[in-house]
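In what follows, a structure is listed as structure tokens, so that the remarks can point back to it.
Chain letters run A, B, ... following the sequence lines, proteins first, then strands; residues in each count from 1.
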Amino acid sequence: MKLPDAFYQRDDVLTISRELLGKFLFTRVNGELTGGMIVETEAYRGTEDRASHAWNGRLTNRTRIMYEAGGVAYVYLCYGIHNLFNVVTAAAGVPHAVLIRAIEPTEGIDVQLERRKMTVLHPRITAGPGALSRALGITRELNGMHLGSDSVWIEERGMVIENKAIVTGPRIGVGYAGAHALFPWRFSIRNNKFVSKAK
DNA sequence: ACGAAGATTGGCT
DNA sequence: GCCAATCTTCGTC
């Protein structure tokens, strides 16, 4: 079943980031159903986090969506090429968010292969935030969409991820954040082949 | 109005 | 391992 808004609207984005592991992300784009199990996430803790787009209370046209009540999508363009998908969390006015960095495909794998221009299934297909967005057809058109909508949603399917099966470590690609880059706010499922590799 | 930098990826050496 | 691709965003002039 789809996660209720109450799941997203809690204040502890680290807990939410951890609990999103083992949940299932789906999209229906152009009538094609695709999705998979979330295996890697990163928490971005609003105004107090130098790595966050909302650091120091930054409120711009792009980050506006982060200040909405939890349970909507924040999709933005990175490096002019990649659409990165985030889950907005916490109460309205608190711009916390979780970046979904990797999934293990389960639904519509043929469509995902086609979108990624691949012929055989390889972890590269959805290992990394830009890659998974491409596989699931996620673009900025989904920005602001409610996560219970018919276009994009997250489901609980009874998957249990033990604490000892979770790896934590520093977030990827946020060197500009100084000391905050070292916070262990990246979460992934131990030994899962679809977790992205840090460069 | 201008320009630097970016929550990345894939191809080439 | 290195580097180009590609274009929006945001700080500064």
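- In this structure, A:Arg171 forms a cation-pi arrangement with A:Tyr44, its terminal cationic atom sitting closer than 6.0 Å to the ring centre and no more than 45° off the ring axis.
- Atom P of nucleotide B:dT9 and atom CG of A:Asn83 are separated by 12 Å, given to the nearest angstrom.
- When every heavy atom of A:Ala51 is checked against every heavy atom of A:Tyr176, the shortest pair comes out as O-OH, 3.1 Å.
- Taking atom CD on A:Glu40 and atom C1' on B:dT9, their separation rounds to 14 Å, with Å as the unit.
- Aromatic ring orientation, A:Trp153 versus A:Phe26: parallel (interplanar angle below 30°, classes split at 30° and 60°).
- No hydrogens or angles considered: a donor-acceptor pair under 3.5 Å links the side chains of A:Asn163 and A:Arg18.
- Atom CD of A:Glu114 is surrounded by 12 or fewer heavy atoms from other residues, nucleotides or ligands within 6.0 Å.
- Contact check of residues 87-109 of chain A against DNA chain B (heavy atom, cut-off under 4.0 Å) returns A:Leu99, A:Arg101.
- Taking atom P in both C:dA4 and B:dA4, one finds a spacing of 16 Å when rounded to whole Å.
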Quick test: give all pairs of protein nitrogen or oxygen and nucleotides 4-6 of chain C nitrogen or oxygen below 3.5 Å, distance rounded to 0.1 Å.
from: C:dT6; atom 1: O2; to: A:Tyr79; atom 2: O; distance (Å): 2.3

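- Taking atom P on both nucleotides, C:dG1 is separated from B:dA7 by 23 Å, rounded to a whole Å.
- Applying the 5.5 angstrom centroid cut-off and the 30 degree plane-angle cut-off, the aromatic ring of A:Tyr44 is stacked upon the base of B:dA7.
- Under 4.0 Å is where a charged nitrogen must lie from a carboxylate oxygen, and between A:Glu40 and A:Arg186 at least one such pair does.
- Because its NZ or CZ atom is both nearer than 6.0 Å to the ring centre of A:Phe7 and within 45° of the ring axis, A:Arg10 counts as a cation-pi partner of that residue.
- Contacts between residues 10-25 of chain A and DNA chain B, defined by a heavy-atom separation below 4.0 Å, involve no residue at all.
- Taking every heavy atom of both residues into account, A:Thr89 and A:Val13 meet most closely at OG1-CG2, 3.6 Å.
- In DNA chain B, stems built from 3 or more consecutive Watson-Crick or G-U wobble pairs, each with both distances under 3.5 Å, span B:1-6 with C:7-12, B:8-12 with C:1-5.
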What verdict does the side chain to side chain donor-acceptor pair (under 3.5 Å) test give for A:Asp49 and A:His96, after you've listed the backbone C-alpha separation in whole Å, the side-chain angles of each residue and the deciding distance to 0.1 Å?
CA-CA 9 Å; A:Asp49 177 3; A:His96 296 174; over 6 Å; no
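- At least one donor-acceptor pair under 3.5 Å links the side chain of A:Thr41 to the backbone N or O of A:Ser17.
- Relative to the six-membered ring of A:Phe24, A:Arg157 meets both conditions, a distance below 6.0 Å and an angle of at most 45° to the axis.
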Polar atoms only, N or O, under 3.5 Å: list the protein pairs with nucleotides 9-13 of chain C and their distances.
from: C:dC10; atom 1: OP1; to: A:Thr60; atom 2: OG1; distance (Å): 2.5
from: C:dC10; atom 1: OP1; to: A:Arg62; atom 2: NE; distance (Å): 3.4
from: C:dC10; atom 1: OP2; to: A:Thr60; atom 2: OG1; distance (Å): 3.2

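- You'll find the ring centres of A:Tyr79 and A:His82 outside the 6.0 Å limit.
- A heavy atom closer than 4.0 Å to some atom of DNA chain B occurs in A:Arg116, these being the qualifying members of residues 113-125 of chain A.
- Using cut-offs of 30° and 60° on the angle between ring planes, the pair A:Trp185 and A:Phe183 is tilted.
- Summarising the geometry, the separation between CG on A:Leu132 and P on B:dG10 is reported as 12 Å, rounded to the nearest angstrom.
- Remark: P of B:dT8 and OH of A:Tyr76 are 7 Å apart, rounded to the nearest angstrom.
- No more than 12 heavy atoms of other residues, nucleotides or ligands shown are found within 6.0 angstrom of NZ on A:Lys193.
- In A:Glu141, the CD atom is not crowded: 12 or fewer heavy atoms of neighbouring residues, nucleotides or ligands sit closer than 6.0 Å.
- Across all strands shown, A:Ala177 has no heavy atoms under 4.0 Å from either base or sugar-phosphate atoms.
- The OG1 atom of A:Thr126 sits 11.5 Å away from the CD1 atom of A:Ile38 when rounded to the nearest 0.5 Å.
- Ion pair A:Glu42/A:Arg101 flagged as a salt bridge, since at least one NZ, NE, NH1 or NH2 atom sits closer than 4.0 Å to an Asp/Glu carboxylate oxygen.
- Salt-bridge annotation for A:Arg115 and A:Asp110: absent, with no side-chain N of the basic residue lying under 4.0 Å from a carboxylate O of the acidic one.
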